[in-house]
Amino acid sequence: MRAYIQRRLLQFVPVILGICILNFILIQAAPGDLAEVVAAESAQVEGAIVEDQVAQLRTSFGLDAPLHMQLLAYLGRLFTFDLGYSHRFGAPVAELIGDRVGATALLGLTSLALAVVIGVLLGVLCARWRNGRLDRAVSALMALCYSVPVFWLALMMVVLFGVTLQWFPIDGMREVGIEAQGRWSEARDVLWHLVLPATTLAVYSIAVYARFTRASMVDALQEDYIRTARSKGLSEPVVVFRHALRNAILPVLTLIAGHFGELLAGSIVIETVFSWPGLGKLTYDAVVNRDTNLLLSMLFLSSLLVMATSLLLDILYAALDPRIELRK
């Protein structure tokens, strides 16, 4: 196991290097930079944009150096685990990410847990009573959830549950000053703010997991070992959840791992609509303001998350299925 993990980590090094170089090239190819954004905002107050002002800003931000020198400097910082400095926010990138990673982790993991539990359970029930009323009703509902755009659903959740019914808050992560009321009051307030964004983010994944689990479970329930288990007199819940689901869940784990790496991309829309103070909102601000250091760091961390998830998935495969071996 240790040798396998070491080999995979070594394989990650050139992949990460290639991703970082590609991200840098694509960002630099886009028009505009942070100096122009700052100068344009200053011009709204003082008047027309002055080219000398833009040049001075580029010099202070280190944007006047040749691209290959900027790339080497960026890679050198990564080699020393330095994510750089955000001139837009006036703080180190690592500090900005550290302040917001908890909010995104709470939102992403909550939505993922909701999606996995509800989606897998619905898929198992539909497969158990295939072509029945429950299967047809759930399939129709999942088709609707699968086709609804996330941004439209988020806006409708805000209008219906936040504005019309006023059941849930729609802005931020907690009420101002709630910390003074104690830790439990703050925790309840955070959970109450979490309901709408987490549910909205989970809807699409629920539909995907339900459909995928149903298809995998239908195949598993037709296998010979299921008939053998039933002939031994095992109860139907034991047959379905202990024997069939354990084998049917393996393809679903691959899907979950892929979605786990997409949590940041999905949270950008959700965090922007609900003003959730997480990495998604921070990434959106970095794109709008052309904050290169911050945006490169966000993309770098996203690639690390995807590769770490793939490694964890391989280990989990071997733990669930004895037939799978991790080769050196």
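The line from CD1 of Ile25 to CG of Leu71 is 7.0 Å long, rounded to the nearest 0.5 Å. Annotation: the span from Ile19 atom CD1 to Leu296 atom CG amounts to 12.5 Å, rounded to 0.5 Å. One finds the CG atom of Leu194 at 11.0 Å from the CG atom of Asp189 (value rounded to the nearest 0.5 Å). Asp291 contributes atom CG, which lies 3.5 Å from atom OG of Ser86 (distance to the nearest 0.5 angstrom). Atom OG1 of Thr292 and atom CD1 of Ile27 lie 6.0 Å apart (nearest 0.5 Å). Summarising the geometry, atom CG belonging to Leu153 is positioned 5.0 Å from atom OG1 belonging to Thr200; distances are rounded to the nearest 0.5 Å.
Ring geometry for Phe24 against Tyr74 counts as parallel: the plane angle stays under 30°, on a 0 to 90° scale with 60° as the upper cut.
Follow the hydrophobic side-chain contacts under 4.5 Å out from Leu75 and you reach Val93 in the same cluster. Clustering ILVMFWY residues whenever any of their side-chain heavy atoms sit less than 4.5 angstrom apart, transitively, puts Leu304 in the very cluster that holds Leu282. In terms of hydrophobic clustering, with Ile, Leu, Val, Met, Phe, Trp and Tyr side chains grouped at heavy-atom distances under 4.5 Å, Leu122 and Val218 are assigned to different clusters. If you chain together hydrophobic residues whose side chains sit under 4.5 Å apart, Met156 and Leu160 fall into the same group. No path of Ile, Leu, Val, Met, Phe, Trp and Tyr side chains, each step under 4.5 Å between heavy atoms, connects Val203 with Val117, placing them in separate hydrophobic clusters.
Heavy-atom neighbours of Tyr284 OH from other residues, nucleotides or ligands within 6.0 Å: at or below the threshold of 12. No more than 12 heavy-atom neighbours from other residues, nucleotides or ligands sit within 6.0 angstrom of CE on Met69.
Under a 3.5 Å cut-off, the side chain of Arg211 and the backbone N or O of Gly123 do not form any donor-acceptor pair. Looking only at distances, a side-chain donor or acceptor of Ser111 sits under 3.5 Å from a matching main-chain atom of Gly108. In terms of modelled atom types and a separation under 3.5 Å, the side chain of Asp82 and the main chain of Leu78 share no donor-acceptor contact. Looking only at distances, no side-chain donor or acceptor of Thr272 sits under 3.5 Å from a matching main-chain atom of Lys281.
Heavy atoms only, all atoms of each residue included: Ala115 and Ile206 are closest at CA-CG1, 3.5 Å. The heavy-atom pair separating Ala154 from Val273 by the smallest distance is CB-CG1, 4.0 Å. Shown here for Leu114 and Ala202, the closest heavy-atom pair between the two residues is CB-CB, 4.1 Å. The two residues Cys20 and Phe300 have their closest heavy-atom pair at SG-CD1, 3.5 Å.
Contact check for Val124 versus Val120: side-chain heavy atoms found under the 4.5 Å cut-off. The shortest distance between side-chain heavy atoms of Val101 and Leu279 falls below 4.5 Å. Within the 4.5 Å cutoff, the side chain of Leu301 has no heavy atoms near those of the Leu305 side chain. Here the side chains of Arg77 and Asn293 are in contact, with some heavy-atom distance below 4.5 Å. Using a 4.5 Å cut-off on side-chain heavy atoms (C-beta onward), Thr199 and Phe161 make no contact. Counting only heavy atoms from C-beta outward, the side chains of Leu107 and Trp276 approach each other to under 4.5 Å. Side-chain contact between Trp167 and Leu196: absent, with no pair of heavy atoms (C-beta onward) separated by less than 4.5 Å. For the pair His193/Phe274, no side-chain contact is recorded, criterion being any heavy-atom separation below 4.5 Å from C-beta on.
Residue pairs satisfying the side-chain hydrogen bond (donor to acceptor under 3.5 Å, both in side chains) criterion with at least one member in residues 116-143, sequence neighbours excluded, are listed as follows: Arg128-Glu236, Asp135-Ser139, Asp135-Arg214.
For the ring-ring contact (aromatic ring centres under 6.0 Å, His included) test, no residue two or more places apart in sequence or in another chain qualifies with Phe212. For Arg100, there are no salt bridge (Lys or Arg N to Asp or Glu O under 4.0 Å) partners, not counting sequence neighbours.
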Go through Leu134 and Val138 one step at a time and tell me if the side-chain contact (heavy atoms from CB on, under 4.5 Å) criterion holds. CA-CA 6 Å; Leu134 177 64; Val138 171; 3.7 Å; yes
Could you walk me through whether Val190 and Leu106 pass side-chain contact (heavy atoms from CB on, under 4.5 Å), step by step? CA-CA 10 Å; Val190 170; Leu106 177 62; 3.7 Å; yes
